[in-house]
2 protein chains.
Amino acid sequence: MLRRATEIDEDGAAVWPQHTAEACGIAIAGVRDALYVLNGKWKLPLIVAMTNGPQRFKDIQRALGDITPKVLSKELKELELNEFVVRKVYSTTPVTVTYQLTPYSQTLDKVMQELRDWGVKHRQRIVASRKAR
Amino acid sequence: MLRRATEIDEDGAAVWPQHTAEACGIAIAGVRDALYVLNGKWKLPLIVAMTNGPQRFKDIQRALGDITPKVLSKELKELELNEFVVRKVYSTTPVTVTYQLTPYSQTLDKVMQELRDWGVKHRQRIVASRKAR
DNA sequence: GATACCGGTATCCTTTAGGATAGTAGTATC
DNA sequence: GATACTACTATCCTAAAGGATACCGGTATC
């Protein structure tokens, strides 16, 4: 469990009850393992982009707005390797390729939800503090 | 809300009920905003390292194991700028400097918890699949 | 006087991420 | 026959991240 501050001191810093340093190493390792596969600017946004169902290459590119095909291709391959995504080719004319999330990618749902909500609130905070100046 | 697959097809991919593309843009923006301040290899592990209370420079370095002082110094400055951390100097001999989490950093608690738990489980999965080979 | 600890800086370097631009094969459209 | 679309790949390049190593002033310790 994360520990919580019980007070706030004059400098606005949290004051902590005590100091139990042990299981901290496990927590650090967990976070680092997560970051290892979710690294970079694009992996998580890409997963979000596919949340509503299978998406084609160009669709994803449009959804992200500013990713180049080279980078998108690389990121999708890495997501495939880590079993977050399945690539499917349909022999239509012209050929259709879709990318869709795997069940394993759904284990990330809570992480994504929390991160997304935090991001939205963080932006609000930034905007508010800009106005206050 | 994140949508969930209702079935799994032969390839192990999730099958999605429908396709509602709208609020997806907001979700992507939220995640990108979050990643913008939490970027890189070190920010989140550093925050974890300070979760148990104020830490000194060398303590943090030891907790992370393989971060160089230059990088640590830079990361701590960025965390300070984003109001996740407060730096405090005590005029002891020799001088003592501590870094501690702010109340605002606690808004990240859930994100951290989810990410850490996911990371731990992900590692277990990887280890298990290695054994299976 | 030599060594060690603390909290960093300074300098240099390599690696990686990521972007810009162009091009590809195949089909379809005008 | 020119142009456009899809799903990429290829080449080149820049900027940033991050690591290695050395060093600094101040104090304390052996």
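Proteins get letters first, then strands, A, B, ... in listed order; numbering begins at 1 in each.
- The same ILVMFWY cluster, assembled from side-chain heavy atoms under 4.5 Å apart, contains both V71(A) and F84(A).
- Listed by residue number, K70(B), V71(B), E75(B) are the residues of residues 70-78 of chain B with a heavy-atom contact under 4.0 Å to DNA chain D.
- Between the C1' atom of dG18(C) and the CG atom of N39(B) lies a distance of 14 Å, rounded to the nearest Å.
- Distance K41(A) NZ to dA17(C) P: 13 Å, rounded to the nearest Å.
- A pairwise comparison of heavy atoms in A34(A) and G119(B) identifies CB-CA, 3.9 Å as the closest pair.
- Judged by distance alone, with hydrogens and angles left aside, the side-chain atoms of Q55(B) form a donor-acceptor pair with the main-chain N or O of G53(B) at under 3.5 Å.
- Separating the CZ atom of R62(B) from the P atom of dC5(C) is a distance of 9 Å, rounded to the nearest angstrom.
- Criterion: ILVMFWY side-chain heavy atoms under 4.5 Å apart, direct or through other members. Under it, V31(A) and V120(B) are not part of a common hydrophobic cluster.
- For Q61(A) and dA20(C), the CD to P distance is 12 Å, given to the nearest whole Å.
- When the C1' atom of dA7(D) is taken as reference, atom OH of Y90(A) falls 15 Å away, rounded to whole Å.
- Taking atom CD1 of residue I67(B) and atom P of nucleotide dG8(C), one finds them 13 Å apart after rounding to whole Å.
- For the pair D59(B) and G40(A), both in contact range of DNA chain C, the more 5′-proximal nearest nucleotide belongs to D59(B).
- In this entry the distance linking CG of D66(A) with P of dG18(C) reads 12 Å, nearest Å.
- Distance from the side chain of T68(B) is smallest to dA20(D) among dC8(D), dC6(C), dA20(D).
- In this structure, V89(A) is a member of the same hydrophobic cluster as L79(A), with clusters built from ILVMFWY side-chain heavy atoms closer than 4.5 Å.
- One interatomic measurement links the two molecules: CD of E80(B) to C1' of dG7(C), which rounds to 14 Å at whole-angstrom precision.
- Contact between the side-chain N/O atoms of R56(B) and the OP1/OP2 oxygens of dG7(C) is found at a separation under 4.0 Å.
- Heavy atoms of Y99(A) sit under 4.0 angstrom from primed sugar atoms or phosphate atoms, though from no base atom.
- Hydrophobic clustering, with ILVMFWY side chains joined whenever heavy atoms are under 4.5 angstrom apart, keeps M50(A) apart from Y90(A).
- Under 4.0 angstrom from either OP1 or OP2 of dG8(C) there lies at least one side-chain N or O belonging to R87(B).
- Distances from the side chain of P94(A) to the nucleotides dG8(C), dT6(D), dC8(D) place dT6(D) closest.
- The side-chain contact (heavy atoms from CB on, under 4.5 Å) with L46(B) is formed by just one residue from the set V85(B), L64(B), L101(B); it is L64(B).
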